[in-house]
Every structure is written in structure tokens, then in C-alpha cells.
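Inspection log for the structure reproduced underneath, given as C-alpha cells.
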Amino acid sequence: MKSFLAILTAALTIVSGVCAPNHAVPFERLDKNDTLLLALDLQVGLYNLARDLDPTLYYNNLIAHAALAQLFDLPVVLTTSAQQGPNGPLPKEILEMYPDAPLIERQGEVVAWDNAEFRKAVRAAGKSQIIVAGITTDVCEHDILALSLRAEGYSVWANVEASGTTTELIRDVSNMRMEAAGVKLVSLFSIVCDLMRDWRNTPGSKEVLPWLIQYYPIYGMVARAHAAAINNGTIIPGEGGLV
């Protein structure tokens, strides 16, 4: 019995060590001067596999992910998987944003990091921080690719709102695996605010608020409502005491 308990304790220790989050990873902020953005297999055919988010919301999120690089002048690497087949090309909105960005059209590699041309493009950017999003969360994008980047020494931010997979269970398990490896799971708005840092910066309120109206209206409309109140507003009875 004693031997069995010792074996069980040892096994639980190993499992907890593998599954526990990597708390040794230091807190790190995004630096727009040291950041690369990846758009991974955000293809029109693969889009139909993204069943873990509302489809209309998700499409807006993936376009917004790509648009981050325009807002903050980040280098971009685009990649697709077997786009001549059912996976299809990238949405034309993304292609029109970056007509001159590297576009790695993989013909067989499931995971982008297994492609030599993709690895070369990432390394050529010369950045240590990488923002990723793609389809699917568990294979082509977040999980295996993000872990590959971590193994190479990159700091990785995974945009959870712009990545999709077939079920919520698969999404959650994949995110747990990445988090345990030190990948930072973040929202679109979190990325925007971390890259901007201060509304008085450039890009700051002048550039970011119009961007938010288009891609993140839940906050953009806060600014629009304030502007409307200043331009057109009149205090009505009962409102004066509210502010």
C-alpha cells in the first residue's frame, strides 16, 4: 500500500507539473516597435470551421485582427494552407490591406512553422514579440504554431477573439495548453490598449477611436456618444444631479 501511494504521489506530481501554468514567465508588455503580426490560415473556406463564436462577430474579429498592423504600423506575415482546394484564399479585405506583405502559400505543411519560407519570413521581421490568430485554434494557429514559436524563444500573444475552431471544448483545451507554455491569451481590445499605451501617443485617440468605431464599436460608441452629447446635448430635468 505504501508503495502504491508513493507511485500515485509521484504520478500526480508529474501531471501537475506538466499541466500547471508557467508562472516563471515574467510579465511582459507589448512593444509596437518589437512586434510582428501573423494572420494564419484565416481562409474563406476554413472560416466555416469556426463554430465556437457567433459567425458574424467572428468574421469582424478576424478582419480587425489583420487591421491591427495598419493601425500600429506593424510588419505582417500572411499564410494559407492549400488555398487552391476547399480551404480557399484569404478574404480579399485582408489581401487588399497588405498587397506587399509576405504571403506564404503552403502546399502541404499543416503547421506554418514546418514551412521553411514561413520561418524565413518570421525571422526576417527581426521582432521578438508575435501576435497570432488563425483557424483552427487547435492545429494551424494557436496551439501547435504558438508552441513552436515559444520553443524558438519568441514571446507570443494569442488573439482569442480572432481564432476559431469546431467546438468550445477544443478551444478551451487548446488555450489551456498554450497558457501552460507561456503564451499570453488576450482580447482584441487588450492588444490595442497595450500597443497604444497612452491616448496621447501616436497612434492615440485621434487614430484609435475611428478604428474602434469600425472594428470594436462597443467602445467606439462610448466616444461617439460623448462627442454627440458635447455637440448636441442638452441637460433635461433630472439629469443635472447625475453628474
Taking distance alone, no hydrogens or angles, what donor-acceptor pairs closer than 3.5 Å link side-chain atoms of residues 207-233 to residues at least two apart or in another chain?
from	atom 1	to	atom 2	distance (Å)
Glu207	OE1	Gly204	N	2.7
Trp211	NE1	Ala67	O	3.4
Asn231	ND2	Ala227	O	3.4

Just list the side-chain donor-acceptor pairs under 3.5 Å for residues 111-128, sequence neighbours left out, or say none.
from	atom 1	to	atom 2	distance (Å)
Asn115	OD1	Glu117	N	2.9
Asn115	OD1	Phe118	N	2.8
Asn115	ND2	Glu109	OE1	3.3
Asn115	ND2	Glu109	OE2	3.3
Arg119	NH1	Trp113	O	2.8
Arg119	NH1	Asp114	O	3.3
Arg123	NH2	Glu152	OE1	3.3
Lys127	NZ	Asn33	O	3.1
Ser128	OG	Asp34	OD2	2.3

Give every donor-acceptor pair under 3.5 Å between a side-chain atom in residues 70-79 and any protein atom, sequence neighbours left out.
from	atom 1	to	atom 2	distance (Å)
Thr79	OG1	Ile104	O	2.8
Thr79	OG1	Arg106	NH1	2.9

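Ile236 meets the side-chain contact (heavy atoms from CB on, under 4.5 Å) test with Glu239; sequence neighbours excluded. In this structure, Asp52 has no side chain to side chain donor-acceptor pair (under 3.5 Å) partners at least two apart in sequence or on a different chain. Taking the side-chain contact (heavy atoms from CB on, under 4.5 Å) definition, one finds that Val173 meets it with Leu169, sequence neighbours left out. Not counting sequence neighbours, the partners of Ala82 by the side-chain contact (heavy atoms from CB on, under 4.5 Å) test are Asn87. In terms of the side-chain contact (heavy atoms from CB on, under 4.5 Å) criterion, residue partners of Asp198 (sequence neighbours excluded) are, by chain and number, Arg200, Asn201. Shown here are the ring-ring contact (aromatic ring centres under 6.0 Å, His included) partners of Tyr154, two or more places apart in sequence or in another chain: there are none.
The stretch residues 78-108 participates, sequence neighbours left out, in no ring pair (Phe, Tyr, Trp, His ring centres under 6.0 Å) pair at all.
If you chain together ILVMFWY residues whose side-chain heavy atoms come under 4.5 Å of each other, Leu57 ends up in a group of its own. Taking Ile, Leu, Val, Met, Phe, Trp and Tyr as hydrophobic and joining them when side-chain heavy atoms fall under 4.5 Å apart, one finds Ile170 isolated, its cluster having no other members.
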